[in-house]
Protein chains: 2
Amino acid sequence: MTPVPGRPVRGSRSGRPIMALLDLLGRRWCLRVLWELREAPGSFRSLQSRCDEVSPSVLNTRLAELRAARLLEVSEEGYRLTAEGRALGERLLQLSSWAEGWAVGLESAQAPAAGAEPGAVRRRRSPLKAGPANGG
Amino acid sequence: MTPVPGRPVRGSRSGRPIMALLDLLGRRWCLRVLWELREAPGSFRSLQSRCDEVSPSVLNTRLAELRAARLLEVSEEGYRLTAEGRALGERLLQLSSWAEGWAVGLESAQAPAAGAEPGAVRRRRSPLKAGPANGG
DNA sequence: CTCCATTGCTACTGAAAACGTAGCGCAACG
DNA sequence: CGTTGCGCTACGTTTTCAGTAGCAATGGAG
């Protein structure tokens, strides 16, 4: 089921646009497909190959969802982003530049923060300062 | 296993930063947790509640991964984004504004593109125009 | 001081999603 | 016509997520 704004989606009962988007983008391979299509349209097998041989069944499911969400359309070249999809893709580009800085920061830290590192949130009986009211 | 730049991650053999990021963000609930933390820090149960009662086991896994990636840290208020994490969160904000436009576009289209709609990529024996060389 | 409510998770099971493979049917090339 | 390559689909297996119960630590109330 493709998450779209206005309908309840995983993570939201209200169907807020950003919630629908987070749900869709949070599916395995979705961001990667968008990323690849941002660079160039492609056929099914081309996309499969560019996504490191993702399984055809999952790729097909993701393509159908992206199409249902009108981020992607079928053309003579195979699959390409719609205008909306391209606009989204431009915003993904900014993630790339962020990621370069991230990688540098991780390198200087030498390793990912170890899971065994002390520092888990202490148990407490009183609630910590409340966050904002529930979104959704 | 937390995807980090420099190591092979799902979707990439080279460990390119953007690939590690796409892998991490493409996990269920990851974007949503980042989105909620962008707004305000929170305790475990607060985050759980703000993420529409996500299961504690998955939330715990996601928090650990985000922490290993140094996007999140433990503080007196519970969990909060690191400086890097906040920078990423700002970029997520831009997705929100995009999503508002998306929702409008979908409304005027009246329904998500039906899966049963004709227009799947036609079979062909010759490859379509090739996309770029494999990324990853 | 004791009791007990609340917290941060963990353990565990079943459901859903992803993975991986084989192969069908169509298109088109030789 | 036979063969090759394409876009998927079907199906079984593995992994991840969803959901629940509950433990141990914390600390507020009496």
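Letters A, B, ... mirror the listed sequences (proteins, then strands); counts begin at 1. Treat the numbers as computed from the prediction; the structure is a model and nothing was measured.
Within the structure, the salt bridge (charged side-chain N to carboxylate O under 4.0 Å, His left out) test picks out no pair touching residues 83-96 of chain A (sequence neighbours left out).
Under a 3.5 Å cut-off, the side chain of Q48(A) and the backbone N or O of V54(A) do form a donor-acceptor pair.
Put simply, OH on Y79(A) is 11 Å from C1' on dC6(D), counting in whole angstrom units. Whole-Å rounding puts the D52(B) CG to dG19(D) P distance at 11 Å.
Residue contacts shown for T61(A) are absent, as no nucleic acid heavy atom lies under 4.0 Å away.
Here the nucleotide nearest the side chain of S55(B), chosen from dG19(D), dC8(D), dC9(C), is dG19(D). Closest approach to the R45(B) side chain among dA21(D), dA17(C), dG8(C) is made by dG8(C) (side chain taken as heavy atoms from C-beta onward). Of the candidate nucleotides dG8(C), dC8(D), dT20(D), dG8(C) has the atom lying nearest to any side-chain atom of S43(B).
One donor-acceptor pair, N or O on each side, does fall under 3.5 Å between the base of dG19(D) and the side chain of S57(B).
Taking CH2 of W35(B) as the start and CD1 of I18(A) as the end, the distance is 4.5 Å to the nearest 0.5 Å.
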(Q) Generate the contact string for nucleotides 25-30 of chain C. Rules: B means base contact, S means sugar-phosphate contact only, - means no protein heavy atom under 4.0 Å. (A) BBBBB-
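Checked against salt bridge (Lys or Arg N to Asp or Glu O under 4.0 Å), R45(A) has no partners two or more places apart in sequence or in another chain.
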